[in-house]
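Worth saying up front: this structure is predicted, and the values here are computed from it rather than measured. Numbers restart at 1 for each chain; the letters A, B, ... are given by sequence-line order, proteins then strands.
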Amino acid sequence: MAPYGSDDTTTADENDDLRSGRRKAARYVVPVAVVGVAAATIGLVPALASSGDPDLPEISAEQLIEKIAESDVEQLSGTVKISTDLGLPDLGGLESALTSGALGSGEGGSSADPSTKLTELVSGSHTLRVAADGPDRQKISLLGKASEYSLIHNGKDVWGYDSETNEVFHGTAEESGKHEEEVPATPKDFAEEALKAVDDTTSVTVDGTAHVAGRDAYRLLIKPKQSGTTVGAITVAVDARTGMPLKFTLTPSSGGAAVIDAGFTQVSFAKPDASTFDFTPPKGAKITEEDEAVEEGRAGRAPGKTPGHDTPEGDLPEGEPRVIGEGWNAVAVLETGGEGIPSGDELEGDLGPFGDFIDSFGDKAKGKFGEGRIFTTRLVNALVTDDGKVYVGAVTKDALVKAANAG
Amino acid sequence: MSRADLDPAQEGTGGTAQESAGRTARTTQESTEQRIPLARRGSLLLNELRTTLRRWRTLALLGVLAAVPVLVGIAVRIETGDGGSAGGGTGEGPAFISQITNNGLFLVFTALAATLPFFLPMAVGVIAGDAIAGEAGAGTLRYLLVAPAGRTRLLLTKYATTMAFCLLATLVVAVSALTVGALLFPLGELTTISGTRISFTEGLGRALLIALVVAASLTGVAALGLFVSTLTNSGIAAMATTVGLLITVQILDQIPQLDAIHPYLFSHHWLSFADLMREPVYWDDLVKNLGLQALYAAVFGSAAWARFTTKDITT
């Protein structure tokens, strides 16, 4: 054994093997302790932060709903985290290729077109930034990796800007005012959609309080009374002071993780900086005017509505939907004409290998309606019959077949 | 202690015996001093920096780093010469690449985004891996330790040198990119990725801030490399291990099934520097990144210390 290198600071006990052995081991305690402290901090801090629900005066469900309706928050800015888990396989880039291909937006569409871009929200986790100053000025930004997609409404203009491809979409408020409604992104949008569905088939209660984004909030619990629906419960956290919905969670009746979970992680009700809403297209950006975009990809513009959000009475892109059943068990029926909609074989020509892929989603079903295929997600189920009828609803498979038999 | 008289470019063993003999003589003499004057404490670091920077290996690494923005700049220039947009407008390629033609300053961001995943940490891994193991391999480590400086101080000096290299390497990329960007493309007001506009001066300020954040992002790899370097007496082995770990971590970060561990991989939040180009700046991931780097520096720095101060130094 070679002699120890001279470490001048500790020469005294250099010869004592036992002590030096202990000292050696003792030094390794430092990195281990650092790891321990870090792990404890990571584990404990969120637990401590979320502990203790705030004490708020009692309030009835009616009063709370009224509070939401009366909420007149016009100015806010904040960060929204939204995760959707419809139970579709995570396809990554494939998925967007598939959606754009299947929905026919084609190559001509601009990547800055709001309707193509915001369909991304249908799956996965996303971070959004929202800012609003009155009815004329709003901005929603979808944060991507080293890029951002911004949708800015300022007075007459509606701008979409995709920093990744440097493309700009431009529309005017008259024609595009509907964009904001088309795409529910904030907890408020979701909550309003959910409250629309409230009738005598629904129980609404106040379920305690919670801290959301550092603010005190009431929890409004919306539960379907009927069985047969895939919706388990909807929880809306409502800011106690302003009545603004801060968090929206939809859990499926099958249990498991929330299908939609959208909530503010940070919110401020101060007036956002005016420069937030200023937008001048950057030099060299490719600008698509809305009129052109409409012509280029008429079909592609339809799917602005996210499936997760399709309430039973939701309008569907083509044909007039007929509604069977009521409340949560409502099923929309679409006549697509004689051609029939996606069965894998027919799509084969357009989608190549994806045809089989689509087939793998569907379960065959038979009934009075004839033969068809059922496509399931954790929230919305759809039955596509071979003669081109589509039954869609937030109901279980059995309920869907029953509705199809009856209709 | 004083290494000024040792030929700094020297890495091999040729002639070391003679040199080290001289060094031993000097250091033995110096070891009688009980306290080291403050000025000389600084000089240990300065000597260390000078030694590192005069190595051909270091200069070659910096040269490669400086060449990346030149290549990217020229490639974008050629591709967009006919008025097209970089990346074919499909959003492929490194972040910000589609913006370069409109504003040369974006070349700085693109170059950093292109070099951060691999070139920069690899260069840092080479320097950090060599820090202790290289000295041990060349047989100069024990002479360094004869000096009264102590192992802890030597280790701190080595880490400080590596960090200085992180900063220098990042700045080399940034300055090279800025120069190329200014020569090949127009400059001026720029659009943040949130769609708002900022002045060129503010853009420059953000570029500097981004360079600092990128340099800070490398401190985790630097600490890891230093720890690996205390484990072996072979400089090559330490460098290879550090770069190997870097690649492994990058691969692990790409596997979706492992997303539970992703937030703890040192490279996971690296691209968050782009959040400085949002308006307002989105701090969440930046803070996570810097915190994670500090954690890696603390864990592997102290592990390196525990190892190095108790190690048998035989070479």
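Rounding to the nearest 0.5 Å places OG1 of A:T265 at 6.0 Å from CG of B:D284. With values rounded to the nearest 0.5 angstrom, A:R27 atom CZ is found 4.5 Å from B:W305 atom CH2. In this structure, CG on A:N166 lies 12.0 Å from CZ on B:F96, to the nearest 0.5 angstrom. One distance of note links CD of A:Q266 with CH2 of B:W283; it measures 13.5 Å at 0.5 Å rounding. We find the CD-OG distance between B:Q99 and A:S147 to be 10.5 Å, quoted to the nearest 0.5 Å. Here NZ of A:K286 is found 12.0 Å from OG of B:S98. Values are rounded to the nearest 0.5 Å.
Against chain A, the residues from residues 191-202 of chain B that qualify, each with a non-hydrogen atom under 4.5 angstrom away, are B:T191, B:T192, B:I193, B:S194, B:G195, B:T196, B:R197 in number order.
If you measure heavy-atom distances from A:P281 to chain B, the contacts under 4.5 Å come from the backbone alone. Contacts between A:S163 and chain B at a heavy-atom distance below 4.5 Å involve backbone atoms as well as side-chain atoms. Heavy atoms of A:F279 lying under 4.5 Å from chain B belong to its backbone as well as its side chain. Heavy-atom distances place both the backbone and the side chain of A:T280 under 4.5 Å from chain B. Only the side chain of A:I42 comes within less than 4.5 Å of a heavy atom in chain B; its backbone stays farther off. The part of B:Y264 that comes within reach of chain A is its side chain, from C-beta onward, which places non-hydrogen atoms under 4.5 angstrom from that chain. Interface remark: A:T79 contributes side-chain atoms only to the contact with chain B (heavy atom separation under 4.5 Å).
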Review point. How far apart are the C-alpha atoms of A:V35 and B:L295, what are their side-chain angles, what is the distance that settles it, and do they pass the side-chain contact (heavy atoms from CB on, under 4.5 Å) test?
Key: CA-CA 8 Å; A:V35 172; B:L295 181 63; over 6 Å; no
**Study point:** CA sep, side-chain torsions, deciding dist, call: A:T276, B:E279, side-chain contact (heavy atoms from CB on, under 4.5 Å)
**Key:** CA-CA 8 Å; A:T276 311; B:E279 185 66 48; over 6 Å; no
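Among B:V281, B:L190, B:D275, the residue with the largest count of heavy-atom pairs under 4.5 Å with chain A is B:V281. For the options B:S272, B:P280, B:P186, heavy-atom pairs under 4.5 Å to chain A are most numerous at B:P280.
Looking only at side-chain heavy atoms (C-beta outward), A:R129 and B:R278 come within less than 4.5 Å of each other.
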